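Input: a single structure, listed below in structure tokens.
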Number of protein chains: 2
Amino acid sequence: MTFGAAKLSNTSAQDPRRTLTLRDVSEASGVSEMTVSRVLRNRGDVSEATRERVLQAARTLGYVPNKIAGALASQRVNLVGVVIPSLSNMVFPEVMTGISEVLEDTGLQPVVGVTNYSPDREEAVIYEMLSWRPTGLIVAGLEHSEAAQAMLAQAGVPIVEIMDIDGTPVDSAVGISHRRAGRQMAEAIIAAGYRRIAFLGTQMPNDHRARKRLEGFEEALAKAGLALADREFYSGGSALLKGREMTEAVLARNPDVDFLYYSNDMIGAGGLLYCLEKGLDVPGKIGLAGFNGVELLDGLPRRLATMDACRLEIGRRAAEIIAGKPHLGVVGGEVIELFPTLQPGDTIRH
Amino acid sequence: MTFGAAKLSNTSAQDPRRTLTLRDVSEASGVSEMTVSRVLRNRGDVSEATRERVLQAARTLGYVPNKIAGALASQRVNLVGVVIPSLSNMVFPEVMTGISEVLEDTGLQPVVGVTNYSPDREEAVIYEMLSWRPTGLIVAGLEHSEAAQAMLAQAGVPIVEIMDIDGTPVDSAVGISHRRAGRQMAEAIIAAGYRRIAFLGTQMPNDHRARKRLEGFEEALAKAGLALADREFYSGGSALLKGREMTEAVLARNPDVDFLYYSNDMIGAGGLLYCLEKGLDVPGKIGLAGFNGVELLDGLPRRLATMDACRLEIGRRAAEIIAGKPHLGVVGGEVIELFPTLQPGDTIRH
DNA sequence: GTGAAAGCGCTAACAA
DNA sequence: TTGTTAGCGCTTTCAC
């Protein structure tokens with residue numbers, strides 16, 4: 001079978017159901033495939049006349065270019081993989097917003113993969129994404145399975161690990177120090193005069209950022225000669241409701257606790273609602289603080305103390321790193337540390 | 001240049017930075033590319049001995065297959081596009097969970113695209129997705145630009161429009177009738193004896209589902225000889241806070257209103273918190289209801305009346321349709337209507 | 001059980 | 001400005 005014959009077997013007469021190819025547009029417009037390709041990509045000089053003819057034909061046929069073939073031929077893929085643990089809490093959607101904002105004008109498209117805080121899922125998602133040879137990869141966190149670590153290191157494209165900078169990135173990193181964030185909150189709490197402090201958080205061994213915040217928090221307590229008065233963990237279910245339940249449990253067990261430090265704003269909000277309902281004196285008798293600075297807090301009866309995790313900015317900076325590295329590949333990664341601001345709100349006395 | 005020479009120019013000695021190919025694994029293991037490919041895909045019979053050698057070589061090199069080339073050659077792509085308007089509210093993440101659950105065991109991977117309720121963005125995202133020739137496409141809503149509609153109809157892969165069934169799908173659809181949902185809520189409110197009813201919602205001309213709920217709601221009011229006593233819209237910002245503000249505005253303008261119907265649970269929750277703070281008699285003097293059945297409501301001081309939008313189930317069924325259609329292509333679409341349950345909670349009197 | 005050849009639909013590079 | 005040629009890295013098909 002000759003080349004020509006093979007190509008001929010590809011005409012639209014053969015199978016009306018198959019998707020259109022460049023060749024169909026070429027035949028319909030009477031212009032070579034190459035020129036059609038040029039028109040459709042706005043590349044190179046094409047006369048206005050041919051340009052019009054081609055666009056007309058493409059539009060009439062309803063042609064949608066095959067990016068698979070294009071990517072293989074050009075060795076370029078306009079995709080940026082984003083690997084995150086969850087969409088359910090409010091934090092990652094905002095990171096995505098930052099990423100999308102920056103990528104919007106670059107022709108790059110974010111592609112999201114969710115790991116549910118499972119290292120195995122993460123490994124699988126990273127493998128899957130790299131197999132599409134994206135322009136870059138944004139991955140939440142610095143902790144990965146050994147195999148995942150190896151794949152990232154070998155990938156040959158910019159990798160940006162986000163959210164956290166307490167550790168060693170494979171390539172670039174953009175985030176905050178959660179250990180420091182925990183420390184700062186503890187210092188603020190201690191400075192406000194609270195002494196019998198409890199921690200309430202998620203039971204997620206793979207949420208390394210929450211873990212680091214707690215470590216930093218306890219570190220600062222220890223430095224002041226204090227230790228956690230109590231700790232309570234949960235997993236699954238409505239965070240707001242869990243916040244209530246945990247708070248109730250801690251206060252029942254330990255009525256003289258004077259501060260509740262929550263690993264995130266959602267359970268903190270639940271705790272706050274509970275305390276207000278019980279008529280507790282907040283922040284006089286008992287103080288509360290969360291983490292993330294989620295928008296939701298604006299609508300609560302009282303402003304929960306929190307720390308802004310710089311989510312939007314993290315997304316933006318990460319995307320900028322990917323978008324800004326044409327094909328350098330070799331350049332060493334950069335580490336960008338952002339600094340969250342402590343928002344004392346109305347639940348820490350001053 | 002001969003074919004052989006061309007291939008030789010591709011050896012790893014050439015450029016240590018380029019990503020690995022099948023050929024590298026072939027050379028490292030001393031087995032033909034074809035057999036390597038078979039091993040890596042678990043296809044066809046391969047002797048245990050060669051199998052081991054190949055896997056060993058692949059692992060050592062850190063080879064990640066190039067799916068672009070694979071997809072082009074096999075005309076198969078294990079991707080399912082999911083086009084949704086937003087990640088910020090709680091509704092779409094749950095749909096994604098349903099989709100992921102079902103696709104997990106099928107080898108198919110969801111790829112998310114976000115439109116921010118913009119028809120133009122939607123058109124662009126659909127175009128982009130189709131250009132990767134996915135196995136199927138899941139799109140939120142039945143309303144699309146003419147061009148988008150045409151692309152979907154031409155796509156040649158199963159298309160599932162989700163969330164809504166009040167309209168004509170391009171192919172398949174899974175969702176609820178928002179018009180009916182609005183009607184049902186109105187009927188329940190009227191039956192409970194409320195008469196001076198206000199609507200509070202988002203100002204989003206492209207949120208067709210919210211619009212349809214309101215239409216159904218007003219339709220049922222009209223049938224009972226009633227009309228909306230007031231209406232208030234917002235856009236942007238913290239939904240919880242907006243819910244408060246809108247509620248305050250409505251009550252200031254119209255103190256004798258006895259029911260507040262919100263277009264979503266988040267603003268409804270804000271309104272509920274406001275009413276409780278003001279010491280209003282809920283549900284005696286004033287009733288409230290939202291829409292969606294979000295988990296967050298579980299943690300509120302009182303249960304807001306709502307309607308479950310069947311989000312998880314919608315995601316599951318949509319994914320099943322895609323996963324269940326091998327390559328039929330031609331078969332007509334199916335329409336699956338789900339029926340939300342009204343949860344009266346504690347904010348409608350009975 | 002294994003390998004060789006052909007080509008998926010596009011684009012880079014060069015020729016005209 | 002336009003066209004021709006040679007692949008991109010894999011899988012299909014068929015031969016051994």
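Everything numeric here is computed off the predicted structure, so don't read it as measured data. Every chain is numbered from 1, with letters handed out A, B, ... down the list of sequences.
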Grab the two heavy atoms, one from A:Met96 and one from A:Pro110, that are nearest each other, plus how far apart they are.
CE-CB, 4.2 Å

When every non-hydrogen atom of B:Trp132 is compared with those of A:Val77, the smallest separation belongs to CH2-CG1, 3.8 Å

Residue whose nearest DNA chain C nucleotide is more 5′ - B:Thr35 or B:Gln75:
B:Thr35

Whole Å only: how far is the CH2 atom of B:Trp132 from the C1' atom of C:dG9?
13 Å

As a quick check of understanding, evaluate salt bridge (Lys or Arg N to Asp or Glu O under 4.0 Å) for B:Glu313 and B:Arg317, giving each step before the final call.
CA-CA 6 Å; B:Glu313 187 66 10; B:Arg317 303 296 284 272; 3.4 Å; yes

Could you state the atom-to-atom distance from CZ of A:Arg23 to P of C:dT11 in whole Å?
16 Å

A:Leu72 CG to C:dG7 C1', straight-line distance once rounded to whole Å
12 Å

Where along residues 58-66 of chain A does a heavy atom fall under 4.0 Å from DNA chain C?
A:Tyr63, A:Asn66

Ignoring hydrogens, what is the shortest heavy-atom contact between B:Arg133 and A:Val64? Give both atom names and the distance.
NH2-O, 2.7 Å

Does the salt bridge (Lys or Arg N to Asp or Glu O under 4.0 Å) test come out yes or no for A:Arg23 and A:Glu27, once each step is laid out?
CA-CA 6 Å; A:Arg23 152 164 270 254; A:Glu27 284 174 355; 3.1 Å; yes

Would you say a side-chain N or O of A:Ser47 is under 4.0 Å from OP1 or OP2 of D:dT2?
yes

Are any non-hydrogen side-chain atoms of A:Val80 and A:Leu137 less than 4.5 angstrom apart?
no

So which atom in A:Asp171 and which in A:Pro158 form the shortest heavy-atom distance, rounded to 0.1 Å?
OD2-CA, 3.4 Å

How long is the line joining CD of B:Glu27 and P of D:dC10, in whole Å?
13 Å

Would you mind reading off the distance between A:Asn78 atom CG and C:dC10 atom P, rounded to a whole angstrom?
15 Å

Criterion side-chain hydrogen bond (donor to acceptor under 3.5 Å, both in side chains) on B:Thr115 and B:Ser118, from CA distance to verdict
CA-CA 6 Å; B:Thr115 69; B:Ser118 150; over 6 Å; no

So A:Ser37 and A:Arg41, side-chain hydrogen bond (donor to acceptor under 3.5 Å, both in side chains) or not? Walk me through it.
CA-CA 6 Å; A:Ser37 171; A:Arg41 287 177 299 140; 3.0 Å; yes

Quick one: A:Asp45 CG to D:dG3 P, roughly how many Å, whole number?
14 Å

Contact string for nucleotides 11-16 of chain D, one letter per nucleotide 5' to 3', B = base within protein heavy-atom range under 4.0 Å, S = sugar-phosphate only, - = neither, reads BBB---

Would you mind reading off the distance between B:Arg133 atom CZ and C:dC8 atom P, rounded to a whole angstrom?
14 Å

